[in-house]
Amino acid sequence: MEAAFGATALLHPFKTQNPLLLPQAKLPDKAKYPSLKRVRSCSISSISTDKEPVLAEDWSRLLKLSIGSGNFLLGQAIHAFLIKSNSTNDAFQGNNLLNFYAKFNELGDARKLFDEIPVRNTITWTTLIKGYLDNEDYKSVFGITHDMCFYGEKFNEHTCSVILEACREEEDLIRGGQIHGFVIKSGIQQNVFVGTSLISMYSTSGFLNEAEKVFDNIGFKDVQCLNYMIFQYGKAGCMEKAFRVLVDMLSSGLEPTDYTFTNIISTCSENVGIDEGRQLHGLAVKFGVVNVTSLGNALITMYGKLGMVEYSERMFYSMSEKNLISWTALISGYVRSGCGENAVHMFLELLDQGIYCDSGCLVTVLDGCSECRNLDLGVQLHAFVIKVGHLCDGNIVTALVDMYSKSDNLTSAKIVFDGFSNKNIALFNAILVGFMVTKRDDNEDAMVLFHQLRLGGIKPDLVTFSRLLSLSANQACLVKGKTLHAYTIKTGFEAELTVSNALITMYAKCGSIKDACQMFNGMNGHDSVSWNAMVSAYSIHGQGKMALLLFKEMKSEGIAPDEITTLAILQACSYNGLWQDGICLFNEMESNYGIRPVIEHFACMVDLLGRAGRLPEAMNFINNSPFPDSPLLWRTLVSVCKLQGDLGFGMLASKKLLDLSPAEAGSYILVSNTYAGSGMLDEAAKVRTAMNDLNLSKVAGCSWIEIDNKVHCFVASDNDHPESREIYAKLDLLMDEIRWKNCDTKNAHFIGEIV
DNA sequence: CTAGGGTTAG
């Protein structure tokens with residue numbers, strides 16, 4: 001490549017700014033530099049001293065040596081020699097010295113030297129710019145670039161690479177674009193250094209398309225460049241392109257490095273399949289890089305994400321050099337695979353070995369505790385965290401709040417939450433889980449907290465809105481839901497798919513199918529969650545036909561139904577007497593849609609058959625299912641027998657249920673209610689007594705309604721409400737009306753049950 | 001002759 005190109009015109013905007021005044025070159029103050037005597041004590045044995053002349057190349061080599069070995073004194077000594085031999089005016093020696101000071105980050109000395117060099121060339125300028133770049137002084141980089149233009153100095157590939165790096169760091173795409181234009185105009189876009197710098201700048205700023213164009217124009221792409229492109233493709237989720245680059249690299253005979261595999265594995269392991277994953281592992285072995293610790297760590301993580309934690313284990317134990325990340329990766333794999341016990345065990349082993357455990361590792365272990373519901377160890381870890389002084393770490397505090405929240409221990413979650421002053425949105429989202437999980441009637445309102453945080457200047461994100469909406473949906477609180485909807489519109493989060501989906505569910509559960517529908521129809525696009533939400537909405541609103549219609553539409557749009565879709569459809573069929581459709585769907589789930597029914601589907605089918613009045617079939621269905629001894633299925637059968645008022649089957653099913661789950665209060669209550677519903681009050685009382693003898697009790701279920709911001713809560717048969725008498729009177733009236741309108745009074749058994 | 005690019009693992 002020819003040396004240089006005029007860049008002045010292109011960088012015109014710099015031109016009018018203050019030019020740097022270049023002083024006359026003058027010799028440095030000799031007193032500042034070490035004496036020759038001292039230089040000799042640096043044991044420069046390879047230099048012949050005063051007798052023989054030293055070649056310019058030798059000085060250059062020695063300066064490189066001083067940089068490579070970090071020996072600043074040696075470089076200074078050489079500087080002194082060069083002053084003595086009057087060689088500093090030479091551009092070659094001057095540049096070498098300049099580079100030396102720049103590399104040692106002595107920008108003051110570098111600048112002084114630069115000003116003293118009488119004849120500067122492109123290399124001189126580039127070296128100085130690079131010095132400021134390494135010093136992260138981007139203002140000076142651009143300032144000197146401007147001066148370089150002003151003095152008509154030519155830019156070459158080296159200069160461009162350096163300036164582009166500064167543009168990347170400052171995310172200055174205006175200057176970067178100017179350089180890019182210059183690069184194209186001067187025909188150096190094929191240069192792999194310039195190309196990689198441009199790719200780095202564009203992809204860091206999120207312009208992968210631009211980066212890709214640059215990539216395609218590079219003449220010869222070396223491994224470094226290819227590795228980087230793999231990394232960026234993978235990070236952007238373009239897995240196929242990342243693999244394409246790898247394949248091209250291999251077929252062109254270039255040898256991949258450990259980075260090649262670490263990059264592709266770490267960025268793609270979320271989506272990589274078992275086959276690809278193992279092939280990558282195999283290639284890493286083949287190219288002899290598998291022993292690199294970071295690559296091993298990436299493999300541990302990959303296997304963990306693939307659900308093959310035993311491979312993670314094997315990887316871990318085969319590694320010759322492990323570090324804390326290896327341990328954390330394996331623990332994380334255990335957590336992900338639901339092996340919380342192993343995760344905890346591994347952590348204790350880590351402590352035993354006396355390895356320092358950082359906050360990232362603690363967070364992973366805390367996640368393990370919440371995953372395996374090991375609150376005992378979680379509490380111990382909490383103590384440990386306090387002891388080692390990590391309670392000021394936001395990530396750890398969030399993990400603790402998350403753990404207590406998921407363990408239905410909102411009180412502890414709140415204590416940790418309140419005790420941390422530097423709150424952020426992740427922490428708030430974690431405690432929302434606590435509000436979602438807790439069943440108790442909590443006076444603390446998530447919405448109040450939400451407003452406090454907003455006042456504190458913390459911005460909600462889409463997780464916040466999804467969770468708050470889910471909360472108001474479960475509380476069936478339309479007012480809160482609508483308030484939140486307004487917030488999402490104001491903040492622009494309404495357009496986010498997860499938020500829109502949460503809004504559909506909120507409106508459906510709060511009783512407004514119309515708003516749910518409007519939400520669904522107003523969206524820009526739907527994912528499977530949107531469809532599921534809308535199908536469920538119709539289902540719980542008793543509009544089975546609409547649910548089935550939407551199901552058809554969903555399929556014609558090319559969206560594959562999943563477990564949730566089919567469950568919602570089965571429910572819709574069950575509630576709406578569409579039992580033939582339900583049976584049909586259940587039978588073709590696996591063959592048509594590749595969905596293997598899980599226990600919830602079976603429970604739904606029991607309900608469906610029972611509601612269709614086919615109780616013997618329902619019982620057969622359970623016995624022939626993969627879960628003949630599942631309390632869930634028998635409980636469902638007992639419920640539906642009660643609903644049908646079929647005492648014979650009800651008793652059969654009840655007996656089986658009590659055999660299967662003798663320690664569950666819910667089962668006793670259900671059975672007792674079945675007897676009571678058929679008028680067998682003595683039998684009912686016996687079951688209740690048996691339950692009490694076992695010291696079982698169940699928190700009473702309650703219903704509630706919110707009127708004018710006040711929640712009115714009701715438990716069966718209670719008289720707590722101030723207007724209790726009026727309410728019961730109205731209920732009696734309603735019951736009469738139902739009996740009058742519907743001679744079949746079976747449904748009336750709902751009223752007057754013991755709970 | 002002297003100056004230039006990049007990404008790691010939880």
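Just so it is clear: chains get the letters A, B, ... in the order the sequence lines come, proteins before strands, and each one is counted from 1.
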Under 4.0 angstrom, heavy atoms only, what part of the nucleic acid is Cys160(A) near: base, sugar-phosphate, or nothing?
-> nothing
Selection from dA9(B), dT2(B), dT8(B) that lies nearest to any side-chain heavy atom of Asp258(A) = dT8(B)
Distance in angstrom units between Ile265(A) CD1 and dT8(B) P, rounded = 15 Å
Could you tell me whether the side chain of Asn96(A) has a donor or acceptor atom within less than 3.5 Å of a complementary atom in the base of dT2(B)?
-> no
Phe231(A) over dT8(B), stacked by centroid distance under 5.5 Å, angle under 30° | no
Quick one: do Phe142(A) and Tyr138(A) satisfy ring-ring contact (aromatic ring centres under 6.0 Å, His included)? Show the steps, please.
-> CA-CA 6 Å; Phe142(A) 294 129; Tyr138(A) 307 114; 7.5 Å; no
To the side chain of Ser266(A), which of dT7(B), dA9(B), dG10(B) is closest?
-> dA9(B)
Using whole Å, report how far CE of Met229(A) lies from C1' of dT8(B).
-> 17 Å
Could you check whether Asn99(A) gets within reach of a base, just the sugar-phosphate, or nothing at all, counting any heavy atom under 4.0 Å?
-> sugar-phosphate
Can you find an N or O donor on one side and an acceptor on the other, under 3.5 Å apart, linking the side chain of Gln224(A) with the base of dG5(B)?
-> yes
Side-chain donor or acceptor of Ser197(A) under 3.5 Å from a matching atom on the base of dG5(B)?
-> no
Mind checking Phe193(A) for me? I need base, sugar-phosphate or nothing, with any heavy atom below 4.0 Å counting as a touch.
-> base
Between C1' of dT2(B) and CG of Asn89(A), the distance in whole Å | 16 Å
Within the structure, does a side-chain N or O atom of Lys130(A) lie under 4.0 Å from either OP1 or OP2 of dG5(B)?
-> yes
To the nearest angstrom, the OH-P distance between Tyr101(A) and dT2(B) comes to 20 Å
From dG6(B), dA9(B), dT2(B), pick the nucleotide closest to the side chain of Asn227(A)?
-> dG6(B)
May I ask you to say what Val192(A) touches in the nucleic acid, namely base, sugar-phosphate or nothing, with a heavy-atom cut-off under 4.0 Å?
-> base
With a non-hydrogen cut-off below 4.0 angstrom, is Glu165(A) in contact with a base, only sugar-phosphate, or nothing?
-> sugar-phosphate
Check whether any side-chain N or O of Thr301(A) sits under 3.5 Å from a backbone N or O of Ala329(A) as a donor-acceptor pair, and report yes or no.
-> no
Hey, does the side-chain of Ser161(A) have a donor or acceptor N/O within less than 3.5 Å of a partner on the base of dG5(B)?
-> no
Which is it for His180(A) and Tyr202(A) under the ring-ring contact (aromatic ring centres under 6.0 Å, His included) test, yes or no, and what are the steps along the way?
-> CA-CA 11 Å; His180(A) 190 184; Tyr202(A) 282 126; 5.5 Å; yes
Nearest to side-chain heavy atoms of Lys64(A), which nucleotide of dT2(B), dG4(B), dG10(B) | dT2(B)
Is any NZ, NE, NH1 or NH2 atom of the basic residue among Lys112(A) and Glu116(A) found under 4.0 Å from an Asp or Glu carboxylate oxygen of the other?
-> yes
Any donor-acceptor pair under 3.5 Å joining the side chain of Asn156(A) to the base of dG4(B)?
-> no
Carboxylate-amine/guanidinium proximity below 4.0 Å for Arg175(A) and Glu170(A) | no
Rounded to whole angstrom units, what separation is found between the OH atom of Tyr132(A) and the C1' atom of dG4(B)?
-> 19 Å
State whether Lys235(A) places a side-chain N or O below 4.0 Å from either non-bridging phosphate oxygen (OP1 or OP2) of dT7(B).
-> no
Ignoring hydrogens and angles, does a donor from either the side chain of Asn191(A) or the base of dG5(B) sit under 3.5 Å from an acceptor on the other?
-> no
Looking across every strand, which nucleic acid part, if any, lies under 4.0 Å from Arg168(A) by heavy atom: base, sugar-phosphate, or nothing?
-> sugar-phosphate
With the side chain of Thr262(A) defined as its heavy atoms from C-beta on, choose the nearest nucleotide among dG6(B), dT8(B), dG5(B).
-> dT8(B)
Just to confirm, is there a sub-4.0 Å distance from OP1 or OP2 of dG10(B) to any side-chain nitrogen or oxygen of Thr364(A)?
-> no
Do any N or O atoms from the side chain of Ser405(A) and from the backbone of Ala430(A) form a donor-acceptor pair under 3.5 angstrom?
-> yes
Grab the CE-C1' distance between Met315(A) and dA9(B) for me, whole Å please.
-> 11 Å
Which of these nucleotides, dG5(B), dG10(B), dA3(B), is closest to any side-chain atom of Thr126(A)?
-> dA3(B)
Report the distance from atom CG of Leu98(A) to atom C1' of dA3(B), rounded to the nearest whole Å.
-> 9 Å
Ile230(A) CD1 - dT7(B) P separation (whole Å) | 15 Å
Just checking Lys103(A): base, sugar-phosphate only, or nothing, at a heavy-atom cut-off of under 4.0 Å?
-> sugar-phosphate
Using the six-membered ring wherever Trp is involved, compare the ring planes of Tyr233(A) and Phe215(A) and label them parallel, tilted or perpendicular (cut-offs 30° and 60°).
-> perpendicular
